[in-house]
Amino acid sequence: MIPVARPELGEAEWRALREVVESGWVAQGPRVEAFERALAARCGAAHGVALSSCTAALHLALVVAGVGPGDEVVVPSLSFIATANAVRHAGATPVFADVDAGTQNLTAATIAPLLGARTRAVIVVHQAGMPADVAPVHALCDPLGVAVVEDAACAIGSVYRDAPVGGHSDLVAFSFHPRKVLTTGEGGMLLTSREDLAVRLRRLREHGMSVSASERHRSDRVVLEQYLEPGFNYRMTDLQAAMGVVQLDRLDGLVARRRALADAYRERLAALPGVRVPQDPPHGRTNHQSYWVVLPDDAPADRDDLLARLHRRGVSCRRGIMAAHLEPAYAGTASAPLPVTEHLTRRSLILPLHHALTAAEQDQVVDALAAELHAAPAPRAAAHAAQA
Ligand SMILES: *Cc1c(COP(=O)(O)O)cnc(C)c1O
């Protein structure tokens with residue numbers, strides 16, 4: 001079975017973990033600081049605040065942006081559900097905007113009609129690593145005092161307007177879950193260039209403490225902490241951060257490999273009529289965190305059926321990006337039609353893409369897809385009858 005994703009981990013990660021274990025300090029400490037500094041520098045932000053997940057990062061981003069009960073936050077429905085959940089964690093209401101069919105991302109044009117008196121923030125997602133066009137969103141939202149938070153969960157190593165994603169907004173959230181390009185097992189980080197936000201975020205992730213536990217440990221005198229506001233336990237461990245430092249060193253290679261595999265897919269999939277593949281937008285370059293394809297409207301099998309058929313051929317794919325408003329948790333909450341979102345979520349699937357994927361495996365994926373798209377009898381009813 002060809003897996004849809006697999007993290008790229010090796011000896012260097014082992015060594016880094018071992019050093020942390022032998023140091024005797026495994027919770028948030030010097031490795032977390034090193035990882036924060038390295039990632040912020042790599043992505044063009046002044047500060048990194050490491051957290052337990054990107055979901056925690058999005059939640060804290062909204063808290064420090066002043067979002068609370070009674071507020072609305074514009075988000076794409078077409079995203080992993082954590083984007084909408086973070087809004088609920090902050091006590092606010094997600095308002096779902098439609099996306100651009102080419103990038104799968106919000107645009108200033110899809111956001112604009114949903115801005116109202118209660119809109120406090122917008123979360124722009126760089127879906128599957130595809131950079132969103134953030135500058136026009138700032139041009140729309142900044143004059144209105146609406147905060148722009150970037151959900152860059154998938155976008156480490158992606159490029160927007162010739163600079164890495166991470167330095168274009170006050171609050172940019174990354175994920176290090178194993179499905180993403182760089183992993184720490186679980187983990188997240190907020191990048192910001194605002195010192196005031198960084199200070200508050202560090203406090204909120206650690207129970208609202210005035211002095212962090214690791215600072216107190218390092219001090220040569222007794223330091224008594226205060227609890228300045230109700231906070232959370234959203235800390236990353238030094239075990240996770242040590243892996244993150246190693247993975248970050250390899251980021252350029254990880255992204256280059258994904259882009260080479262994506263080029264190979266694009267060439268081979270060109271032979272399948274009507275199958276649409278991801279393309280870099282004029283404003284940036286994707287890291288191809290996920291390789292999604294959109295099926296033609298006249299494809300013989302429906303998408304879910306196709307996933308099962310590909311699985312039987314030894315190819316593990318996934319449905320495309322989910323749509324939160326079609327899940328029970330958010331049923332009936334869309335305030336406007338979302339035609340592009342609904343089309344993409346029903347007609348797209350994610351093909352295997354990971355560092356160690358071979359050319360032969362890519363051929364197997366494309367051959368399986370070609371066979372299923374062409375070989376199945378055209379009228380769907382007949383196909384089902386034939387299987388029965
Ligand atoms: C994975 C993902 C998240 C959640 O990241 P975690 O680190 O697992 O909390 C949020 N948003 C998007 C778009 C994602 O793909």
Side-chain angles (χ1 to χ4, degrees), residues 2-9 39 42-43 53-55 57-58 76 78-83 99-100 102-106 123-134 150-160 163-166 168 172-191 243-244 247-248 250-266 269 276-281 283-294 316-323 344-345 348-357 362 365:
I2 301 174
V4 69
R6 185 157 59 197
E8 174 62 13
L9 302 167
L39 199 102
R42 172 66 172 73
C43 296
S53 69
C54 183
T55 308
L58 291 170
L78 192 81
S79 184
F80 183 57
I81 197 135
T83 311
V99 294
D100 172 70
T103 61
Q104 302 200 98
N105 290 327
L106 296 188
I123 302 179
V124 179
V125 180
H126 302 283
Q127 197 51 258
M130 187 67 70
D133 198 2
V134 181
E150 293 181 43
D151 179 344
C154 305
I156 186 84
S158 295
V159 173
Y160 176 63
V165 167
H168 300 95
V172 184
F174 291 90
S175 172
F176 312 119
H177 181 275
R179 274 292 291 276
K180 319 299 184 187
V181 173
L182 181 164
T183 190
T184 59
E186 293 276 2
M189 197 179 299
L190 269 172
L191 295 186
M243 276 180 60
Q247 291 254 297
L248 188 58
R250 298 163 58 185
L251 181 62
D252 290 341
L254 293 172
V255 172
R257 174 76 184 142
R258 299 186 85 85
R259 288 186 55 88
L261 290 166
D263 286 345
Y265 265 142
R266 186 178 313 117
L269 290 168
R276 193 158 65 74
V277 302
Q279 304 274 2
D280 283 333
H283 56 256
R285 283 202 308 279
T286 177
N287 63 3
H288 286 295
Q289 179 268 335
S290 284
Y291 197 83
W292 47 271
V293 300
V294 186
S316 175
C317 295
R318 292 288 182 277
R319 63 177 180 170
I321 309 303
M322 60 170 297
L344 287 171
T345 198
S348 61
L349 69 155
I350 291 171
L351 304 185
L353 183 69
H354 54 83
H355 200 81
L357 192 70
Q362 275 195 300
V365 173

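Throughout, residue positions are numbered sequentially from 1 according to the sequence presented.
- Atom CD in Glu150 sits 9.5 Å away from atom CG in Leu191 (nearest 0.5 Å).
- Glu8 and Arg250 are joined by a salt bridge, as a carboxylate oxygen and a charged side-chain nitrogen come within less than 4.0 angstrom of each other.
- Between Leu353 and Leu351 there is no side-chain heavy-atom pair separated by less than 4.5 Å.
- Closest approach of Ala132 to His283, counting heavy atoms only: C-NE2, 3.7 Å.
- The side-chain contact (heavy atoms from CB on, under 4.5 Å) check on Met130 picks up Thr103, Asn105, Pro278, Pro281, Thr286, Trp292, with sequence neighbours excluded.
- The closest side-chain heavy-atom distance from Asp151 to Phe80 is not below 4.5 Å.
- No donor-acceptor distance shorter than 3.5 angstrom exists from the side chain of Tyr160 to the backbone of His168, with no hydrogens or angles considered.
- Note that the CG atom of Asp263 and the NE2 atom of His288 stand 6.5 Å from one another [nearest 0.5 Å].
- Of all heavy-atom pairs spanning Gly185 and Met243, the tightest one is N-CE, 4.5 Å.
- Counting non-hydrogen atoms of neighbouring residues, nucleotides and ligands closer than 6.0 angstrom, the CZ atom of Arg285 reaches no more than 12 such neighbours.
- Arg42 has its side chain within reach of Asp252: a pair of non-hydrogen atoms, C-beta onward, lies under 4.5 Å apart.
- Listed here is the closest heavy atom pair of Ser79 and Thr83: OG-OG1, 2.7 Å.
- The two residues Ala155 and Val165 have their closest heavy-atom pair at O-CB, 4.0 Å.
- Between Gln104 and Leu78, some side-chain heavy-atom pair lies under the 4.5 Å cut-off.
- With values rounded to the nearest 0.5 angstrom, Arg319 atom CZ is found 6.0 Å from Thr345 atom OG1.
- Here the side chains of Gln289 and Ser158 are not in contact, with every heavy-atom distance at 4.5 Å or above.
- The two residues Thr183 and Pro7 come nearest to each other via the heavy atoms CG2-CB, 3.9 Å.
- Taken from CG in Asn287 to NE2 in His126, the straight-line distance is 10.5 Å, to the nearest 0.5 Å.
- At least one side-chain heavy atom of Tyr291 sits under 4.5 Å from a side-chain heavy atom of Leu269.
- The shortest distance between side-chain heavy atoms of Phe174 and Lys180 does not fall below 4.5 Å.
- Note that CD1 of Ile350 is 11.0 Å distant from OG of Ser316, once rounded to the nearest 0.5 Å.
- When side chains are defined from C-beta on, Ser175 does not count as touching Thr55, because their heavy atoms never get closer than 4.5 Å.
- Between Pro76 and the options Ile321, Asp100, Val125, a side-chain contact (heavy atoms from CB on, under 4.5 Å) holds for only Val125.
- A pairwise comparison of heavy atoms in Val124 and Leu106 identifies CA-CD1, 4.5 Å as the closest pair.
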